[in-house]
Amino acid sequence: KLSAEKNEAGRSNVEKSNTEKKRGRYHNDYSPRYQAPYDIYEKAKLHMKKRRKEEKINGVIYDMSPSPNYQHGIVDGNIYSIIKSGLKGTLCLAFMENLDYKYHAQENNDYVIPDVMIICDRKHLKGGSYTGTPRFIVETLSPATALRDKTVKKELYQNAGVEEYWIISPRERAVEIYYLENGKYDLKYSYILQDDSEEEHYNADTVVTLKDFPKISMTLAEMFENVE
């Protein structure tokens, strides 16, 4: 009888030990609990990679992080809100920093992310990308992108047939407006905001109208509202 009780107790202890292992109470150097921190770290890296803003031009990837100065976003938001309101009731859509423009979709997977963009051919929208020809694009300069916006991307939009291209400098509160004429960009207007009404070249009330969208216009003051 005593021998039977010992055997029963031994089996009970083994079963208890196995149960504790399954529940995670018992662990050793090979326990799965030691893998958790590594898994969390890998997931965090993957999450940050997905959030990272990048562009791919001529096969070269450009990292656009970290985010530019807050004034960059203010200007984009000012222009975007006015354009979005003006497009109500039309087939056209405005996007702000959230749509990949695949400008050579039939040739490669290069893409850029314009700060503000108007598109009217919705059939070329798929997922988070667009493969048609934008009607209007704005690029707002930052120290990391200024040269590329004024050269490589300007030529890219020109060759793609984008009818109107604005280059904006929040720091200078300035805008250059290009129209596509005979396949080449021509600088039509260039403004630097002067909002001191006592100055000779005061121009805050100057109205800027989109070439292909005559009902959409804004003053320089509205364009650079809250940008000091």
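Residue indices begin at 1 and follow the sequence shown.
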[Y] versus [X], side-chain donor and acceptor atoms under 3.5 Å:
X: Tyr178; Y: Glu176; value: yes
X: Asn109; Y: Lys102; value: no
X: Tyr103; Y: Asp110; value: yes

Side-chain contact test, heavy atoms from C-beta onward, threshold under 4.5 Å: evaluate it for [X] versus [Y] and give yes or no.
X: Phe136; Y: Trp166; result: yes
X: Thr219; Y: Thr206; result: no
X: Asp196; Y: Gln194; result: yes
X: Phe224; Y: Val75; result: yes
X: Ile168; Y: Leu141; result: no
X: Thr131; Y: Tyr101; result: no
X: Val175; Y: Met223; result: yes
X: Ile216; Y: Thr209; result: no

At their closest point, which heavy atom of [X] faces which heavy atom of [Y], and how far apart are they?
X: Val162; Y: Tyr185; answer: O-OH, 2.8 Å
X: Tyr191; Y: Val208; answer: CE1-CG2, 4.0 Å
X: Gln71; Y: Glu228; answer: NE2-O, 3.2 Å
X: Leu99; Y: Leu125; answer: CD2-CD2, 3.7 Å
X: Thr140; Y: Pro170; answer: CG2-CG, 3.3 Å
X: His124; Y: Asp121; answer: CD2-OD2, 3.0 Å

Enter the distance from [X]:[atom1] to [Y]:[atom2] here, rounded to the nearest 0.5 Å.
X: Lys56; Y: Ile113; atom1: NZ; atom2: CD1; value: 13.5 Å
X: Asp115; Y: Thr145; atom1: CG; atom2: OG1; value: 7.0 Å
X: Ile83; Y: Cys92; atom1: CD1; atom2: SG; value: 11.0 Å
X: Leu156; Y: Arg148; atom1: CG; atom2: CZ; value: 11.5 Å
X: Asp195; Y: Tyr202; atom1: CG; atom2: OH; value: 7.5 Å
X: Glu225; Y: Ile82; atom1: CD; atom2: CD1; value: 8.0 Å

Do [X] and [Y] land in one hydrophobic cluster if side-chain heavy atoms of ILVMFWY residues count as linked below 4.5 Å?
X: Ile177; Y: Leu220; answer: yes
X: Val112; Y: Leu93; answer: yes
X: Ile119; Y: Leu87; answer: no
X: Val152; Y: Ile167; answer: yes
X: Ile118; Y: Met218; answer: yes

Discussion item. Check this for me, if you would: do Glu55 and Lys153 make a salt bridge, where the nitrogen-to-carboxylate-oxygen distance has to be below 4.0 angstrom?
Written reply: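 Counted as a salt bridge, because a side-chain N and a carboxylate O are separated by less than 4.0 Å.
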Discussion item. Salt bridge check, Glu181 against Lys188: does any charged N sit closer than 4.0 Å to a carboxylate O?
Written reply: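 Yes, charged N to carboxylate O under 4.0 Å.
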Worksheet item: Per the side-chain hydrogen bond (donor to acceptor under 3.5 Å, both in side chains) rule, which among Glu139, Glu164, Glu163 passes with Tyr157?
Response: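 When Glu139, Glu164, Glu163 are each tested with Tyr157, the side-chain hydrogen bond (donor to acceptor under 3.5 Å, both in side chains) holds only for Glu139.
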Discussion item. Please check: side-chain N/O of Asn98 versus main-chain N/O of Met96, any donor-acceptor pairing under 3.5 Å?
Written reply: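 Side chain of Asn98 to backbone of Met96, a donor-acceptor pair under 3.5 Å: yes, one is there.
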Worksheet entry | Within 6.0 angstrom of Arg122 CZ, more than 12 heavy atoms from elsewhere |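 Yes, CZ of Arg122 has more than 12 neighbouring heavy atoms, counting only those of other groups under 6.0 Å.
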Worksheet item: Counting only heavy atoms not in Lys150, do more than 12 sit closer than 6.0 Å to its NZ atom?
Response: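 No, because the 6.0 Å sphere around NZ of Lys150 holds 12 heavy atoms or fewer from other groups.
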Worksheet entry | Charged tip of Lys154 within 45° of Tyr165 ring normal and under 6.0 Å |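 Judged by the rule, Lys154 and Tyr165 form no cation-pi pair.
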Practice prompt. In sequence, state the C-alpha distance, the side-chain angles, and the governing distance for Tyr111 and His104, and then conclude on side chain to side chain contact (heavy atoms under 4.5 Å, CB included).
Written response: CA-CA 8 Å; Tyr111 63 93; His104 280 157; over 6 Å; no
